Amino acid sequence: MRVPAGFLLLCLSILAGCGAAPEPPARPNFVYIMTDDHTVQMMSAYGSERASTPNLDRIAREGALFRNAFVTNALCAPSRATLLTGKYSHVNGQRSNQDAFDGSQQTFPKLLQQAGYQTAMIGKWHLKSDPTGFDYWNILPGQGAYFDPQFIEMGETKRHQGYVTDLITDFVIDWIRKRDKQKPFAVLYHHKAPHGPWQPDERHQALFADEPIAHPPTFDDDLSGRAEPVRRSNSRLIPELLQRWKGWGNRGKASPPEGLEGAALEDWIYQQYVKDYMRVVASVDENVGRFLDFLEAEGLAEDTVVIYTSDNGMFVGDHFMFDKRLMYEHPMRVPLAVRYPRKVKAGSEIGAFALNVDYAPTILDLAGVPVPADMQGRSLAPLLAGETPADWRKSMYYHYWEWPNGHRVAPHYGLRTERYKLIRHYGTPDGEPKAWELIDLEKDPEERRNVYDDPAYADALPALEKELERWRVELKAPAVE
Ligand code: SGN
């Protein structure tokens, strides 16, 4: 049936005149801000006793804070591949930092592009192959440098003067300014900080100079309550940190003052590390604040979904360690805040489990683009709207793969429920030991004790083992014993 144009016009003018609130635009913009190794213990929105991050907190205050966000493999490149694909490492092929990302596969930026978005990737990439699915990219080579870093802009390497966190923010702002204003945009704004070697800029170098930073509660943990594979791992603050990041900050920090030993030496190395970590976080916070002000000044704040997270968490002296990888809370738990004034109530708190496999489906869903059935995560949009679907996950699967590595963290997988962690260290062909671990997070929130062999938990085990196997099959993860 043909509808006369005059009738359509009449309908439209009635709709326009009825005084209803304007509908949110169907296609919001997206700014996905990801830091490297930023952990919840160092974000004040999560009640950090050490760090103050007013601008990162602002995203949560004006939007939603996820209280239980986790990555499924706490390592840089695998986490980035999971973001792009919405799939676990064993499915997207990026199990470790050594693999090169297969950029020919489906990713959410490609799907956004096909749906008419303009897309950009700016900052740390670390996936070895060139980015695909972006109209514009300007990335750090590999880990990138803090000072006067090189960037690869659409295949061309250029050195830029300045500090990496400032430069990445400048490039994102520039790209948004120059964009085609007729189309929605999505930009991945990826900081290098606060990854090692934690080199603060001049503005922040003197921060905390005369202020000793408190030790985290697990600083005294010698790992004696945990299974052998954990005890064998190699991320202790002394001497591994000193050796691995020799000369970090270029201020001679690899050499403690002569004669220091025992607790005084431990505190000395911790103070060097934590202060530089907090200084580079302060610069991220300041730059994110500058960026949020820019969005507001451009009139973009209302219709832009701003997501803040990190590629993985981090030990910052917790359990007397640095680095990540292990299926402890500090590495696998990540900050996650989402601001979208049109749809997310300011000050929302979300307790349901959110995973990094969920980011791609969430962004597509909010953009109105169908989520492909082969993505393994689930859209967080209902949670953002204040509803937890009845069948939302109550547990999650984790799998760390990289081997060998200097931290001697052997591959392991496991299940995390609200109360328990069941972890399988399945050994390596070159002789790393196998072990099971069970952690009761309710009784032992600091994760100091493996109770796998404790008869008191014999009744709890079968259901946990079944749940772990259910996830393994559902996620098509290989069976490894
Ligand atoms: C990367 C890792 C660090 C690690 C060094 C050296 N970070 O920088 O975890 O200490 O390599 O690792 S990541 O963000 O890139 O994952 S080692 O295993 O080769 O010694």
Side-chain angles (χ1 to χ4, degrees), residues 33-39 42 70-84 89 92-101 123-129 139-146 149 164-165 168 188 190-199 229-230 232-249 253-254 269 272-274 276-277 280-281 284 309-328 330-335 356 398-412 428 430 432:
I33 310 173
M34 186 158 76
T35 40
D36 192 302
D37 293 352
H38 188 217
T39 180
M42 289 296 182
F70 300 101
V71 292
T72 47
N73 177 3
L75 192 63
C76 186
S79 172
R80 288 159 201 275
T82 289
L83 157 71
L84 294 170
S89 309
N92 65 39
Q94 189 81 37
R95 292 180 171 84
S96 81
N97 283 343
Q98 271 68 58
D99 300 318
F101 182 63
K124 183 165 175 184
W125 172 249
H126 199 207
L127 286 172
K128 293 197 170 161
S129 55
I139 59 170
L140 294 167
Q143 295 286 356
Y146 271 104
V164 71
T165 308
I168 290 170
L188 307 189
H190 287 186
H191 283 294
K192 166 186 174 58
H195 188 274
W198 312 288
Q199 293 172 323
V230 174
R232 285 168 65 83
S233 68
N234 198 13
S235 301
R236 307 295 280 166
L237 278 187
I238 300 172
E240 283 79 9
L241 179 89
L242 289 174
Q243 280 167 3
R244 195 176 303 280
W245 296 104
K246 207 170 269 177
W248 105 65
K253 281 192 227 126
I269 179 74
Q272 308 303 312
Y273 169 44
V274 73
D276 273 349
Y277 183 97
V280 296
V281 167
V284 167
T309 191
S310 179
D311 63 343
N312 46 250
M314 186 79 172
F315 295 109
V316 187
D318 313 271
H319 301 275
F320 202 61
M321 287 196 266
F322 71 107
D323 209 63
K324 49 259 183 176
R325 302 163 192 265
L326 284 160
M327 197 185 159
Y328 271 93
H330 303 100
M332 71 185 283
R333 189 181 271 284
V334 285
N356 60 342
Y398 179 93
H399 201 145
Y400 170 80
W401 293 90
E402 187 173 278
W403 184 261
N405 59 78
H407 294 272
R408 208 164 65 199
V409 172
H412 55 284
T428 62
D430 54 342
E432 288 301 306

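The model shown is predicted, which means the values in this text are computed figures rather than measured ones. Counting starts at 1 for both ligands and their atoms, in listed order.
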Heavy-atom distances under 4.0 Å decide this one: backbone, side chain, both or neither, for Asn97 against ligand 1? side chain

Please determine whether side-chain hydrogen bond (donor to acceptor under 3.5 Å, both in side chains) holds for the pair Ser235 and His407, giving the CA-CA distance in whole Å, both sets of side-chain angles, and the decisive distance to 0.1 Å. CA-CA 6 Å; Ser235 301; His407 294 272; 2.9 Å; yes

Looking only at distances, can you tell me whether any N or O atom of Lys324, backbone or side chain, sits closer than 3.5 Å to an N or O atom of ligand 1? yes

Any nitrogen or oxygen of Asn405 lying under 3.5 Å from a nitrogen or oxygen in ligand 1? Just yes or no. no

Centroid separation under 6.0 Å, is that true for the rings of Phe70 and Tyr398? no

Run through Leu75, Asn73, Asp99 and flag the one making a side-chain contact (heavy atoms from CB on, under 4.5 Å) with Ser89. Asn73

Tell me whether the rings of Tyr400 and His412 are parallel (<30°), tilted (30 to 60°) or perpendicular (>60°). tilted

Determine, considering heavy atoms only, which of Asp36, Asn312, Asp323, Val409 sits nearest to atom 3 (C) of ligand 1. Asp323

Give the ring-plane orientation class for His319 versus His330, where under 30° counts as parallel, over 60° as perpendicular and anything between as tilted. perpendicular

Ligand 1 atoms in contact with Gln143 (distance to a heavy atom under 4.0 Å): 1 (C), 8 (O), 13 (S), 15 (O)

Any nitrogen or oxygen of Gly406 lying under 3.5 Å from a nitrogen or oxygen in ligand 1? Just yes or no. yes

min-distance protein heavy atom vs atom 6 (C) of ligand 1 -> Arg244 NH1, 4.2 Å

Can you name the one residue among Thr72, Asp323, Val71, Asn356 that meets side-chain contact (heavy atoms from CB on, under 4.5 Å) with Asn312? Val71

Tell me which one of His126, His407, Arg325 gets a heavy atom nearest to atom 2 (C) of ligand 1. Arg325

